[in-house]
Amino acid sequence: MFPQASIAAVDDNLDHLNSIGTVLDRLGLPSVMLHYDVTEEMNEHKGLRILFLDLHLSPDSDSPHKKADALAAVLKELKIQGPWFAIFWSQATDELEEVLDRLIERHTEVHPPIGHAIMDKVPFLVAKDGTINREKLAEVQETLEQILDHSPQVKALLAWDGRMQQAAGDCLANLLNMIPNTSGWRGPLDQNALPRLFWRIACASYGLGPAQVNITRAIESGLFPILEDRLAALSHDADIQKIWEHFIDIELRSAPPDKDKLISATLNRFFLIDNSVEDKDKGRRGVFCELTLRDNDWEKIFGLRKEIIVGNFANLGKKIKKTEDRDNALNNIRYGLIEIGPACDHAQSKAFQSRLILAALVSENFLSPISTSKQFAAKDCVFALKPFLFNNSIHHLSVHLGAIITAGDFDGFVGSPFFRLREQVVNDIAFRFAHHFSRLGLITAE
């Protein structure tokens, strides 16, 4: 519930731990001090990005493998996720590499950092009365800056992480400014003002019905555009530009990215679809639900026999592998419906007719290597998305712009939802559907 710390220090010596806490505080770096006690388990700190670690976490850890075991125990309890950087601070810096060798050999399950550095503990130690002179403080700050300057990856990721937090704070501050009399110093607050604002955001994002079912996702979806706006406002900082330029050097920026099919498909999983859907999301805009119709029921729903409609997915059918089990391969095309009705229909409170477009989903395992070398072209009445990762396999999705139905209740012929297409993808499909049926010519004036 509370914001996670991004910097922490771990030591078994309380005096040393208080010293580094004092120094980091004087440098304006919010951090968490974690006292190591072999008899007590540490709380999780999954969001850590910089971790100061003492090599001697226990008095009996006199050998490299015991030191490695103590470090591994700490890291397993912290359960750090994402990129993080380790700074080992110790009065004996010469044995670090041997300890790390033992750590790598004995504890492969530990989530490794993206880099590490070593610092002498002495500059961190302050007087018992808590005083610290400016020269020592400047020495520590200079050392930390040098470490980050030699680690552009860490510096760039930390900068982005910090800007996201700042943008989120700006987002909430702007929303709070929309409500009058929000000061709690004098007089009672309007306890419903802020909930009314967030309920408005939820309904505008998801629509009344879906927002009532999943209010958390509705609010978060509605806050994303505001967060993006606030993040863009922070992007004009020249220092940020220099950090990213150092992170992605000029040689790398001079050429297009390398072609890695799996990485591209994995990224498209984030760009094109949202996997976090449930049965209650079945009526949401952009949700793909698999058809459960029997073959002879297709004509009742779409007005045409299944083989005629499926035949229009020529850009899928021709690319199915020519194997002895071709019929089985064709059966592995998953047909479904995607809701592409106008967003304004979903936002209103009254019931509306869903606009459902037919789509075909097929794993690349059933496509020939030649067919996967380029994106399916938008030909005739079929529009194809770029391949994306779904259920640990690269999939292709095509929509049939000529097979669309309207229905108030479609639970009887669809199963559980697979995923939801991102809003911009649904808008693109809806635009192509409108263009396919209008076929407007070019209007000119002489």
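The residues of the chain are indexed from 1 along the displayed sequence.
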Give me the atom names and distance for the closest heavy-atom approach of [X] to [Y].
X	Y	result
L48	I80	O-CG2, 3.6 Å
Q424	F271	NE2-O, 3.7 Å
M42	E77	N-OE1, 2.9 Å
L234	A167	CD1-N, 3.9 Å
N268	P387	ND2-O, 2.9 Å
V426	G286	CG2-CA, 3.5 Å

Within the structure provided, determine whether [X] and [Y] are in side-chain contact (heavy-atom separation under 4.5 Å).
X	Y	result
L397	L421	yes
L57	K67	no
I273	F288	no
L175	F198	yes
H45	V10	no
R285	E423	yes
D11	I20	no
L144	M119	yes

Please set out all donor-acceptor pairs under 3.5 angstrom arising from side-chain atoms of residues 243-252, sequence neighbours excluded.
residue, atom, partner, partner atom, Å
E245, OE2, Q241, NE2, 3.1
D249, OD1, E251, N, 3.3
D249, OD1, L252, N, 2.8

(message) Using the side chain to side chain contact (heavy atoms under 4.5 Å, CB included) criterion, which residues pair with T108? Sequence neighbours excluded.
(response)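 By the side chain to side chain contact (heavy atoms under 4.5 Å, CB included) rule, T108 matches no residue at all.
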Keeping the roles fixed (side chain from [X], backbone from [Y]), state whether a donor-acceptor pair exists under 3.5 Å.
X	Y	answer
N177	A173	yes
H400	A360	no
R230	L172	no
W84	P112	yes

Will you find, in the side chains of N391 and S393, an N or O donor that is under 3.5 Å from an N or O acceptor? no
field: Exercise: do E364 and H396 side chains pair donor with acceptor under 3.5 Å
entry: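 On atom types as modelled, these side chains qualify, holding a pair under 3.5 Å.
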**Prompt:** Going through the distances and angles, do I340 and R355 end up as a side chain to side chain contact (heavy atoms under 4.5 Å, CB included)?
**Reply:** CA-CA 6 Å; I340 64 166; R355 181 177 293 178; 4.1 Å; yes
Only counting residues at least two apart or in another chain, list the ones meeting ring pair (Phe, Tyr, Trp, His ring centres under 6.0 Å) with Y36.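 Y36 satisfies ring pair (Phe, Tyr, Trp, His ring centres under 6.0 Å) with no other residue.
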### Candidate pair D12 and V38, rule side chain to side chain contact (heavy atoms under 4.5 Å, CB included), full reasoning
CA-CA 9 Å; D12 64 317; V38 70; over 6 Å; no
- Query: Which is it for M164 and L231 under the side chain to side chain contact (heavy atoms under 4.5 Å, CB included) test, yes or no, and what are the steps along the way?
  - Reply: CA-CA 7 Å; M164 285 296 295; L231 186 62; 3.7 Å; yes
- Message: Take a 6.0 Å sphere around CZ of R106 and say whether it holds more than 12 heavy atoms from other residues, nucleotides or ligands.
- Response: yes
(message) For F388 and H395, take the angle between the two ring planes, folded into 0 to 90°, and tell me which bin it lands in: parallel under 30, tilted 30 to 60, perpendicular over 60.
(response)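 Plane angle under 30°, so parallel.
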| query | Mind checking whether F419 and F390 have parallel, tilted or perpendicular rings, split at 30° and 60°? | reply | perpendicular
